[in-house]
Protein chains: 2
Amino acid sequence: MHWFKYKNALLYGLSLALLLLLLQWLEFRFLVLSHSMEVYVGFIALLFTGLGVWLALKLAKPKKETIVIEKEVHIPAPTEFTLNQNELERLGISKRELEVLQLMSEGLSNAEIAERLFVSLNTIKTHSSKLFEKLDVKRRTQAVEAAKRLQLIP
Amino acid sequence: MHWFKYKNALLYGLSLALLLLLLQWLEFRFLVLSHSMEVYVGFIALLFTGLGVWLALKLAKPKKETIVIEKEVHIPAPTEFTLNQNELERLGISKRELEVLQLMSEGLSNAEIAERLFVSLNTIKTHSSKLFEKLDVKRRTQAVEAAKRLQLIP
DNA sequence: AACCCGGTCATACTTTAGTATGATTTTGCC
DNA sequence: GGCAAAATCATACTAAAGTATGACCGGGTT
């Protein structure tokens with residue numbers, strides 16, 4: 001049924017034809033009746049002005065306005081961890097101290113951490129004490145809390 | 001300077017006046033030169049059709065067609081916490097024990113937890129000992145780790 | 001060479017955490 | 001009312017955590 005595409009064109013063509021016919025008739029009438037030329041021409045002008053307006057309104061392409069709506073989508077995804085280097089430097093936390101912090105957050109005891117890093121228990125105690133100072137906390141549990149908040153550990 | 005409002009109206013009025021003048025002149029010309037009526041009227045029709053189109057395009061409110069595009073935006077957002085009741089029951093963890101667990105995860109010491117819950121330090125020790133058993137861990141840091149993994153705490 | 005810093009370790013001590021055991025009270029439930 | 005689980009508390013102890021202080025070493029800076 002692709003003739004639908006031409007429906008409008010056909011309609012306009014017919015309308016135009018009808019108008020021309022009307023024009024002919026009017027011309028005849030006015031000439032015969034010897035009415036004034038001005039009225040006739042005025043009428044034509046009015047008529048075709050109307051036609052123009054109508055055509056324009058019908059055929060004018062609508063302006064497309066795109067509205068982008070941002071839709072929030074909650075992704076339970078594991079926001080991949082990226083270390084906050086700035087905070088590290090700001091707090092003056094060294095590489096070794098960060099290692100200790102990470103193992104702490106995994107629930108290891110000082111003794112286990114010492115074993116992992118091949119150093120003595122006392123060394124780990126020193127590291128953790130300095131860490132608590134730098135993180136301004138009192139206990140390892142608070143240290144883990146703070147470190148996670150500051151993006152120092154996952 | 002409110003006369004600006006009528007600028008367009010004035011402009012259109014003037015244009016119309018000019019057109020009428022042109023009309024008069026054309027009429028004179030065609031009548032004097034005895035040109036055919038049809039050509040004259042056709043010209044008028046064309047002219048005013050154009051005028052109509054122009055008027056319509058100028059004055060009509062532009063048709064707007066809104067296109068809505070939904071754009072997905074990833075929000076690293078606060079994955080809202082929902083307690084895992086199943087795990088709680090499976091491990092046989094009581095309400096009170098869960099409370100203690102939560103305060104533990106906030107980095108509170110046993111003494112501080114006792115103060116918060118208006119009970120003795122020994123009570124908290126008992127609770128935490130039972131918790132470690134149920135969670136199959138040895139230390140509070142591991143307990144917090146495990147509890148977070150099992151969705152018992154945020 | 002003198003200096004600082006990070007890392008290491010030790011000793012000595014205090015505090016907190018965690019275990020074991022037993023007892024009493026509270027509470028929900030049949 | 002009586003039972004069981006939960007909650008409370010105590011004593012006594014061990015283990016771990018945390019503090020304070022001082023020392024040593026090696027790499028990099030001035």
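By convention in this document, chain letters (A, B, ...) are assigned in the order of the sequence lines, proteins followed by strands, and residues within each chain are numbered from 1.
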Could you give the CZ-to-C1' distance, from B/Arg96 to D/dA7, as a whole number of Å?
8 Å

Spacing of A/Leu101 atom CG relative to D/dG18 atom P, expressed in whole Å:
12 Å

Specify the separation, in whole Å, of atom CD of B/Glu89 and atom P of D/dA6.
12 Å

In the 5' to 3' direction, the nucleotides of DNA chain C bounding the stretch that comes under 4.0 Å of a heavy atom in chain B are C/dA17 to C/dT19

Close approaches to DNA chain D from residues 117-130 of chain B, in residue order (heavy atom, under 4.0 Å)
B/Val119, B/Ser120, B/Asn122, B/Thr123, B/Thr126, B/His127

Criterion side-chain contact (heavy atoms from CB on, under 4.5 Å) on A/Arg140 and A/Leu131, from CA distance to verdict:
CA-CA 9 Å; A/Arg140 49 172 59 243; A/Leu131 266 172; over 6 Å; no

Stepwise, does the side-chain contact (heavy atoms from CB on, under 4.5 Å) test hold for B/Glu112 with A/Arg139?
CA-CA 12 Å; B/Glu112 288 167 339; A/Arg139 281 172 286 284; 2.7 Å; yes

Between B/Ser120 and B/Thr123, is any side-chain donor less than 3.5 angstrom from a side-chain acceptor?
yes

In whole angstrom, give the distance that lies between atom CG of B/Asn110 and atom C1' of D/dC9.
15 Å

Check whether any side-chain nitrogen or oxygen of A/Arg139 sits under 4.0 Å from OP1 or OP2 of D/dA17, and answer yes or no.
no

Apply side-chain contact (heavy atoms from CB on, under 4.5 Å) to the pair A/Met104 and B/Thr141, showing each step before the final yes or no.
CA-CA 8 Å; A/Met104 253 183 199; B/Thr141 46; over 6 Å; no

Evaluate B/Lys125 against B/Asn110 for side-chain contact (heavy atoms from CB on, under 4.5 Å), listing each step before the verdict.
CA-CA 7 Å; B/Lys125 285 189 175 185; B/Asn110 285 340; 4.2 Å; yes

For residues 93-103 of chain A, run the donor-acceptor check on the side chains, cut-off 3.5 Å, and write out each pair with its distance to 0.1 Å, sequence neighbours left out.
unit_1, atom_1, unit_2, atom_2, d
A/Ser94, OG, A/Glu97, N, 3.3
A/Ser94, OG, A/Glu97, OE1, 3.3
A/Arg96, NH1, A/Glu99, OE1, 3.1
A/Arg96, NH2, A/Leu117, O, 3.3
A/Glu97, OE1, A/Ser94, N, 2.9
A/Glu97, OE1, A/Lys134, NZ, 2.8
A/Glu97, OE2, A/Lys134, NZ, 3.0

Please state how far atom CD in A/Glu112 lies from atom P in D/dA15, giving the value in whole angstrom units.
15 Å

Is there a donor-acceptor contact under 3.5 Å from the side chain of B/Gln142 to the main chain of A/Gly107?
yes

Side chains of A/Leu135 and A/Leu150 in contact at under 4.5 Å (non-hydrogen atoms):
yes

Nearest whole angstrom, please: distance from the P of D/dA7 to the CG of B/Leu131.
10 Å

